[in-house]
*Asks:* 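My structure is below; once you've seen it, I'll send some questions.
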Amino acid sequence: MSGTNTTTSSTDWAAIRADFPILRREIDGAPIVYLDSGNTSQKPRQVIEAMDDFLRTGYAPINRSAYRLAGWATDRYEGARAAVARLINAPSADEIVFTKNATESMNLIASSWGGANLREGDAVVLTHMEHHANIVPWQMLAERQGIELRWVPLTEDGQLDLADLDQLLDGAKAFSFTAMSNVLGTITPVAELCRRAHDAGALAIVDACQYVPHNVTDVQVWDADLVAFSSHKMVGPSGIGCLWGRMELLDAMPPFIGGGNMIADVRLDGFTTAPVPAKFEAGTPPIVEAIGLGAAVEYLEGIGMAEIRRHEMDLTRYALDTLTERYGDDIRIHGPDNVEVRGGVLSFEFRDIHPHDVSQVLDERNVCVRAGHHCAKPLMRLLGVNATARASLYLYNDRSDVDALADALDGATDIFGL
Amino acid sequence: MPGLEDLYREIILDHYRTPRNRGELPVPPARHAEGHNPLCGDEITVYLDVDGDGDDAIVSDVKVSGQGCSISQSSASMMSAAVKGKSVGEVRGLVRRFKSMMSIDTDGAEQADADISLGDLEALQGVVKFPVRIKCATLAWNTLTEALASSDPD
């Protein structure tokens with residue numbers, strides 16, 4: 001087990017793993033080997049209990065009723081906002097907007113900021129390794145407003161090729177890029193990219209959905225303008241996501257969705273908006289999910305993001321070495337080999353066996369990986385594949401999970417005999 | 001969980017390794033349709049040469065191109081072998097019969113189609129025990145239906 005393998009760590013990783021009830025579940029008499037956290041993460045009992053307890057003893061509307069129970073619920077909801085702000089070192093909790101998920105955060109950015117600030121012919125720079133959530137909202141805007149999209153290419157080992165970045169950024173209004181690829185695991189030089197965007201007069205927008213759950217995040221060190229991420233990938237519940245933005249920027253952006261909670265006043269002839277963040281939180285928000293997210297942040301803080309990153313670097317190194325030593329040329333793992341610039345995401349091709357079939361064979365050993373295009377079809381085309389299998393690691397994984405993956409891959413050879 | 005041998009029968013792997021009727025047909029005169037499985041990225045194109053009109057027209061040639069997993073590719077291969085030379089009416093019956101085997105509701109047409117022989121396609125019956133894969137098995141068949149429905153090229 002991995003707890004004994006990490007020499008610098010004081011964390012009891014076996015105890016961390018034991019916090020996740022689903023990892024004790026067995027299917028067909030054997031435990032689950034969960035390697036799909038890049039898709040969505042499992043939840044510790046602390047998050048489950050916080051939501052359960054809130055539903056049993058604390059649930060009430062927020063921001064709109066005068067009785068004490070509603071006031072306490074509002075305090076809890078705002079406490080979650082403060083926890084998220086702390087996690088990413090945001091200057092103010094009011095700069096955290098709760099959305100449905102990171103995808104909605106990206107749509108909010110494109111629709112609200114892009115809709116108000118971009119005109120026909122304006123350029124937005126994206127990269128070849130973006131998730132559809134950081135592509136399609138801009139393409140929708142391009143259809144409506146005729147903006148131009150430019151693409152940062154990749155190097156052979158799956159990092160951003162920045163050789164022509166200044167030319168791409170020349171005259172651009174925004175640079176929107178991932179902090180960590182959900183396919184390649186590549187961690188991009190976010191602070192440098194923000195600086196280069198600003199040097200060109202462009203806004204720096206960061207899709208940090210894969211990054212925040214696994215790394216120390218400091219939006220002030222990055223000097224970013226807008227940052228999107230979600231709860232469900234960082235041991236919190238699904239149904240709630242986050243957007244952080246500099247206050248003067250959020251303040252100037254028009255609302256995204258209209259309705260209750262986002263207004264200061266409504267008359268027959270119009271409305272005025274509430275201050276940020278309420279301006280972007282129309283309707284009853286995911287209240288219970290916010291409480292769960294707050295508990296998730298506290299859980300991660302209790303371990304320490306730097307400690308989690310160290311654990312995952314160790315495990316990623318172990319996974320890269322184990323799979324390549326065992327299968328050599330029969331396995332092709334995409335993305336950089338240097339774990340300093342990659343997270344625990346391993347997309348791979350195995351012996352020309354289709355990823356769907358690889359996943360099916362792994363599932364017989366309860367090894368859960370994603371097979372498919374990972375919502376990154378432009379990147380798939382660049383890699384020359386329709387799909388990959390992807391194993392993704394998190395804090396509750398250990399070396400036994402990697403070994404189980406490596407062992408289970410043998411089953412694919414048995415069946416397909418290629 | 002049912003064993004993988006229920007899914008990966010030898011005849012399925014044979015069609016996967018050696019797919020029948022691979023390729024393209026010139027459009028026109030062929031009809032064609034593209035199918036996508038948005039979940040896994042599988043893509044398939046079905047080409048049909050259809051001689052005649054209505055249900056009595058004959059599917060004189062069929063080709064399949066694209067990429068996908070063993071289940072989608074073998075299903076496409078077996079489908080192409082099964083529909084070649086059949087009338088459009090017979091092909092529609094075969095589509096209903098196959099979808100019925102995949103536990104997909106086909107508007108109560110099962111009785112009328114019960115006599116239709118699936119031949120090798122019976123090997124795909126095991127897919128039903130793996131519900132996630134039913135979409136793989138039916139991709140070619142839905143694409144075939146679309147190709148049949150596409151207007152006659154002039």
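Below, read A as the first sequence line, B as the second, and so on, with proteins coming before strands; counting in each chain starts at 1. Everything numeric in this text was worked out from a predicted model, so none of it was measured.
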*Asks:* Tell me, for Val358(A) versus chain B, whether the close heavy atoms (under 4.5 Å) come from the side chain, the backbone, both or neither.
*Replies:* neither
*Asks:* Compute whether any side-chain donor of one residue and acceptor of the other, for Glu130(A) and Thr127(A), lie under 3.5 angstrom apart.
*Replies:* yes
*Asks:* If I measure from the heavy atoms of chain A, does Glu43(B) come under 4.5 Å with its side chain, its backbone, both, or neither?
*Replies:* both
*Asks:* Between Lys43(A) and Pro21(A), is there a donor-acceptor pair closer than 3.5 Å when you use the side chain of the first and the backbone of the second?
*Replies:* no
*Asks:* Tell me which one of Leu139(B), Val127(B), Leu124(B) satisfies side-chain contact (heavy atoms from CB on, under 4.5 Å) with Ile134(B).
*Replies:* Val127(B)
*Asks:* Around atom CG of Asp414(A), are there more than 12 heavy atoms of other residues, nucleotides or ligands at under 6.0 Å?
*Replies:* yes
*Asks:* If contact means a heavy atom pair closer than 4.5 Å, which residues of residues 371-382 of chain A contact chain B?
*Replies:* Ala371(A), Gly372(A), His373(A), Lys377(A), Arg381(A)
*Asks:* With no hydrogens and no angle check, just 3.5 Å: does a side-chain donor-acceptor pair link Arg22(B) and Gln73(B)?
*Replies:* yes
*Asks:* Is the number of heavy atoms from other residues, nucleotides or ligands under 6.0 Å of Asp56(B) CG greater than 12?
*Replies:* no
*Asks:* Taking the six-membered ring where the residue is Trp, are the ring centres of Phe416(A) and Tyr8(B) under 6.0 Å apart?
*Replies:* yes
